[in-house]
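All remarks here apply to the structure that follows.
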Amino acid sequence: MNEDCSAHEALVKELNDPTMRADYARPYDGYKVGPIAAVLGWLLVTSGTIVYGKKPSYGKFKAVEVIARIPYQSWEVATYTLLTGFYGNEKRAIELTKTSAFSRQAQDNETMHVVVITQICKRLRCVGWFRHMFIPLVFAFFYFWTIYLLYMVSRKSALELNYLFETHAYHQYSEFLALYGEQLRDTPVMSDFLVLYGRNVRSEYELFESIRNDELIHRNRSIKEIELRRK
Ligand SMILES: [Fe+2]
Ligand SMILES: [Fe+2]
């Protein structure tokens with residue numbers, strides 16, 4: 001595990017404390033996104049609600065996590081493309097390299113979410129081929145190119161759209177923990193992928209708590225990327 005990942009894992013643990021979490025969330029809780037992100041974010045959340053329902057569920061999380069990886073991969077490819085044009089500008093090259101490093105780390109994190117949740121869904125037999133595999137797969141293809149193009153023309157809108165997506169994910173995991181907490185505490189998690197990733201959780205409660213915290217970190221980081229450019 002590299003230094004950035006170790007720092008992320010340490011923060012994930014700290015955010016289990018409700019006071020720490022509220023303090024960490026507060027500076028970006030009321031962030032107002034621009035019109036492009038607002039429209040696309042509304043479309044994204046509304047279509048997710050229509051296809052997978054309003055209430056959080058294992059199946060909905062599985063589908064959401066297939067999609068959640070995509071913006072980070074798009075950002076990585078977009079920053080790589082931009083570096084082809086801006087390698088002569090050292091300040092810009094540093095910014096782009098930092099975004100690229102974060103996006104690679106976030107891709108691995110979201111991949112861990114989708115792999116572990118998919119194993120749980122397989123055990124519970126709670127997903128269908130069309131709704132939970134085919135639709136997210138097709139959507140992911142178009143989403144990748146939409147985010148890539150959006151990042152190239154309006155980096156701010158691309159980051160703000162991710163802020164909205166991660167805000168939604170954060171609330172859905174929080175609601176899931178509140179609704180099914182007791183049952184989740186009694187369900188152990190055995191996952192070779194979690195061992196490979198380097199995260200230790202004993203129960204599904206601890207797993208979903210840690211994923212909720214990942215999404216909050218991704219939410220804040222999306223806006224911090226915008227602020228870094230302004231400095
Ligand atoms: Fe996720
Ligand atoms: Fe996320």
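Counting convention: from 1, in listed order, for ligands and their atoms alike. Values below: all heavy atoms of this structure, side chains included; hydrogens, waters and symmetry mates excluded. Each residue takes its place number in the sequence, starting with 1.
- Of the charged side-chain nitrogens involved, none lies within less than 4.0 Å of a carboxylate oxygen, so that Glu65 and Arg69 do not count as a salt-bridged pair.
- A side-chain N or O of His113 and one of Asn109 form a donor-acceptor pair less than 3.5 Å apart.
- Ionic pairing of Glu95 and Lys91 is present here: one or more N-O contacts between side-chain nitrogen and carboxylate oxygen are shorter than 4.0 angstrom.
- Near the Fe ion (ligand 2), less than 2.8 Å away, sit the protein N, O or S atoms Glu110 OE2, Glu166 OE1, Glu166 OE2, Glu215 OE1, His218 ND1.
- Annotation: Phe193, atom CZ; neighbour count of heavy atoms from other residues, nucleotides and ligands within 6.0 Å is above 12.
- Classification of Arg26 and Asp29 as a salt-bridged pair fails, no side-chain N sitting under 4.0 Å from a carboxylate O.
- Classification of Lys60 and Glu175 as a salt-bridged pair fails, no side-chain N sitting under 4.0 Å from a carboxylate O.
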